[in-house]
Student: 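Quick one: the structure is below, and I'll ask about it shortly.
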Amino acid sequence: MRRSRIAGTGSALPARRVTNAELAERVDTTHEWIVERTGIEARHIAGDGETTATLATEASQKALAAAGLEADQIGLIVLATATPDQTFPASATRVQAMLGINDCIAFDVQAVCTGFLYALSVADNMVKGGMADHALVIGSETFSRILDWEDRATCVLFGDGAGAVVLSAVEGENQGILATRLHADGRQGDLLYVDGGVSTTGTVGKLRMQGREVFRHAVVNLANVLGETLAAAGLEIGEIDWVVPHQANKRILDATAKKLGLAPEKVIVTVDRHANTSAASVPLALDTAVRDGRIKAGDLLVLEAMGGGFTWGAAVVRY
Ligand code: COA
């Protein structure tokens, strides 16, 4: 049976790191409030010349090196982002050009913070279906460009960055991506959205969120989709080595782990240093834990995310 497996991971962060104390000089907040309510201590913010596509390209180059592949072996690029460089062309095609790939399939996927799970599922199915032997699946965001820097309830929560994985076709059972499940419920769109857009205001807009409501839905949806995806893979939560969650808020991670009866030390946490990087957060956390030696070949992983839309999803992966 043809499957896809993660052959390499990579990530990239903007050079500039911004602490809570620096934000407290700008809006009415404190380091203590941000840490207590979110677990965030710092985030990286893109400077001039650092864009969704440049960060994605750097993460992709590292993932290609880890996989031992040349860029021209890639047949498919799926880039998850809600903050593309331009309205069109797709940022995936900019990444393709910067990687020096002359011809492959390349497009963007937009599912906000769940974007990487959507992109992974799409690419997995395309690799399984024979459309490509090697694919780059990327989450890359520059949310700093759509934040209202006067709104203390949102501007402290997000950061910029990119993560990428190379998916490669393999033959055999019980390896690579074992199951993915995706959901959306557009009735909840007004709880987390951007108040601009090409075909409405003609502007880019700023992020707006009812944080408490989002929090409430997140724990329920994430616990449900985790259970559903594990069942699809025929696994129990106790068999999982690592959960690599979307990094929105440490309290959401703790509450979800508690609801599932999951040991907290099995949850990869990077929200303290990256904040919420939307579609980039899962591959950034994955790459962090691969490179620091926690995640090893053969480990069973669950990746999960929830975001605007609402959208949510999970994947069970034999790394
Ligand atoms: N600094 C200090 N005070 C702040 C603040 C900040 N940065 N942001 C909000 N507050 C204040 C509010 O104004 C409010 O004050 P009030 O009671 O005087 O009106 C108080 O803190 C409580 O606000 P509330 O929004 O109810 O706090 P909360 O405990 O729900 O925490 C979030 C706020 C945003 C941290 C939390 O709701 C959250 O993380 N939600 C999920 C967000 C998320 O993950 N979104 C992305 C999903 S992809």
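Counting starts at 1 for both ligands and their atoms, in listed order. Here, residue 1 is the first one in the sequence, and each next residue gets the next number. Remember, predicted model here, so these are calculated numbers, not experimental data.
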Student: Counting each atom of ligand 1 from 1 as listed, which ones have a heavy atom of Val156 under 4.0 Å away?
Tutor: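 The atoms of ligand 1 under 4.0 Å from a heavy atom of Val156 are 7 (N).
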
Student: If you apply the rule side chain to side chain contact (heavy atoms under 4.5 Å, CB included), what do you find for Val122 with Met126, and how did you get there?
Tutor: CA-CA 6 Å; Val122 167; Met126 289 179 73; 3.9 Å; yes

Student: Quick one: do the Thr19 and Glu22 side chains pair a donor with an acceptor below 3.5 Å?
Tutor: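 Side chains of Thr19 and Glu22: pair found under 3.5 Å.
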
Student: Scan Val156, Ile40, Thr30 and name whichever one has a side chain to side chain contact (heavy atoms under 4.5 Å, CB included) with Leu23.
Tutor: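 Result: among Val156, Ile40, Thr30, Val156 is the only option passing the side chain to side chain contact (heavy atoms under 4.5 Å, CB included) with Leu23.
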
Student: Around atom 30 (O) of ligand 1, find the nearest protein heavy atom and jot down its residue, atom name and distance.
Tutor: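 That would be Arg212 NE, 3.6 Å.
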
Student: Verify whether one side chain among Ser144 and Thr142 offers a donor that lies under 3.5 Å from an acceptor in the other.
Tutor: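 Not at all, the side chains of Ser144 and Thr142 share no donor-acceptor pair under 3.5 Å.
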
Student: Tell me whether Thr29 has any N or O atom under 3.5 angstrom from an N or O of ligand 1.
Tutor: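 Yes; the residue has a nitrogen or oxygen that sits under 3.5 Å from a nitrogen or oxygen of the ligand.
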
Student: Numbering the atoms of ligand 1 from 1, which are under 4.0 Å from a heavy atom of Met306?
Tutor: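 Contacts of ligand 1 toward Met306, numbered from 1: 48 (S).
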
Student: Among protein heavy atoms, which lies nearest atom 46 (C) of ligand 1, and at what distance?
Tutor: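 That would be Asn276 ND2, 3.5 Å.
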
Student: Among protein heavy atoms, which sits nearest to atom 15 (O) of ligand 1, and what does the distance come to when rounded to 0.1 Å?
Tutor: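 In this structure, atom 15 (O) of ligand 1 has Arg152 NH2, 4.0 Å as its nearest protein heavy atom.
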
Student: Given the protein's heavy atoms, is any one of them under 4.0 Å from atom 17 (O) of ligand 1?
Tutor: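 No, there is none.
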
Student: Using only heavy-atom distances, determine whether the side chains of Glu141 and Thr277 contain a donor-acceptor pair under 3.5 Å.
Tutor: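 Their side chains do not contain a donor-acceptor pair, so the 3.5 Å distance test is not met.
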
Student: Evaluate the criterion salt bridge (charged side-chain N to carboxylate O under 4.0 Å, His left out) for residue pair Arg2 and Asp133; output intermediate values, then yes/no.
Tutor: CA-CA 10 Å; Arg2 186 176 159 104; Asp133 291 332; 2.9 Å; yes

Student: Measure from atom 44 (O) of ligand 1 to the protein's non-hydrogen atoms and state whether any distance is below 4.0 Å.
Tutor: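 Flag for atom 44 (O) of ligand 1 set to true, protein heavy atom closer than 4.0 Å.
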
Student: Give the atoms of ligand 1, by number and element, whose distance to some non-hydrogen atom of Thr38 is under 4.0 Å.
Tutor: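 Taking each heavy atom of Thr38 in turn, ligand 1 has 35 (C) under 4.0 Å.
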
Student: Could you tell me the residue and atom name of the protein heavy atom closest to atom 47 (C) of ligand 1, and the distance to it rounded to 0.1 Å?
Tutor: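 Result for atom 47 (C) of ligand 1: Val214 CG1, 3.7 Å.
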
Student: Between the side chains of His31 and Glu41, is a donor N or O closer than 3.5 angstrom to an acceptor N or O?
Tutor: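 The criterion, which ignores hydrogens and geometry beyond distance, is not satisfied for Glu41 and His31.
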
Student: Need the ligand 1 atom indices (1-based, order shown) with element for anything under 4.0 Å from a heavy-atom of Cys113.
Tutor: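 Counting from 1, the qualifying ligand atoms are 48 (S).
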
Student: Any carboxylate oxygen within less than 4.0 angstrom of a Lys/Arg side-chain nitrogen, looking at Asp195 and Lys206?
Tutor: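 Salt bridge flag = no for Lys206 with Asp195.
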
Student: Pairing donors with acceptors under 3.5 angstrom, does anything connect the side chains of Asp124 and Ser4?
Tutor: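 Short answer, yes.
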
Student: Below 3.5 Å, N or O to N or O, backbone or side chain included: is there any such pair between Arg37 and ligand 1?
Tutor: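 Arg37 vs ligand 1: N/O contact under 3.5 Å present.
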
Student: Does a side chain donor of either Thr51 or Asp85 reach within less than 3.5 Å of an acceptor in the other side chain?
Tutor: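 Distance-only check passes for Thr51 and Asp85.
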
Student: My understanding is that we take every heavy atom of each candidate and find the minimum distance to atom 5 (C) of ligand 1. Doing that for Phe158, Trp33, Phe310, Phe215, which one comes out nearest?
Tutor: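 Nearest heavy atom to atom 5 (C) of ligand 1 lies in Trp33.
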
Student: Quick check on contacts: which atoms of ligand 1 are under 4.0 angstrom from a heavy atom of Ala248?
Tutor: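 Answer for ligand 1: 44 (O).
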
Student: Does the protein place any heavy atom closer than 4.0 Å to atom 20 (C) of ligand 1?
Tutor: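 No, because not a single protein heavy atom sits under 4.0 Å from atom 20 (C) of ligand 1.
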
Student: May I ask you to check if ligand 1 and Ile252 share an N or O to N or O distance below 3.5 Å?
Tutor: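 There is no such contact.
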
Student: Should Asn249 be counted as touching ligand 1, given the test is an N or O pair under 3.5 Å?
Tutor: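 Yes.
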
Student: Does the protein put any heavy atom within less than 4.0 Å of atom 23 (O) of ligand 1?
Tutor: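 There is no protein heavy atom less than 4.0 Å from atom 23 (O) of ligand 1.
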
Student: What's the shortest distance from atom 41 (C) of ligand 1 to any protein heavy atom, and which residue and atom give it?
Tutor: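 In this structure, atom 41 (C) of ligand 1 has Gly211 O, 3.4 Å as its nearest protein heavy atom.
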
Student: Indicate yes or no: does Asp254 engage Lys258 in a salt bridge with an N to O separation below 4.0 Å.
Tutor: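 Looking at Lys258 together with Asp254, the answer is no, because their closest N to O distance does not fall below 4.0 Å.
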
Student: Would you confirm whether any non-hydrogen atom of the protein falls under 4.0 Å from atom 32 (C) of ligand 1?
Tutor: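 No.
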
Student: Do Asn20 and Arg43 pair up side chain to side chain, a donor and an acceptor below 3.5 Å, judged on atom types alone?
Tutor: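 Per modelled atom types, Asn20 and Arg43 side chains form a pair under 3.5 Å.
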
Student: What do you reckon, is CD of Glu70 surrounded by more than 12 foreign heavy atoms closer than 6.0 Å?
Tutor: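 Count not over threshold, so no.
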
Student: Give the residue and atom name of whichever protein heavy atom lies nearest to atom 34 (C) of ligand 1, and the separation in Å to one decimal.
Tutor: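 Nearest neighbour among protein heavy atoms for atom 34 (C) of ligand 1, to 0.1 Å: Leu157 CD1, 3.8 Å.
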
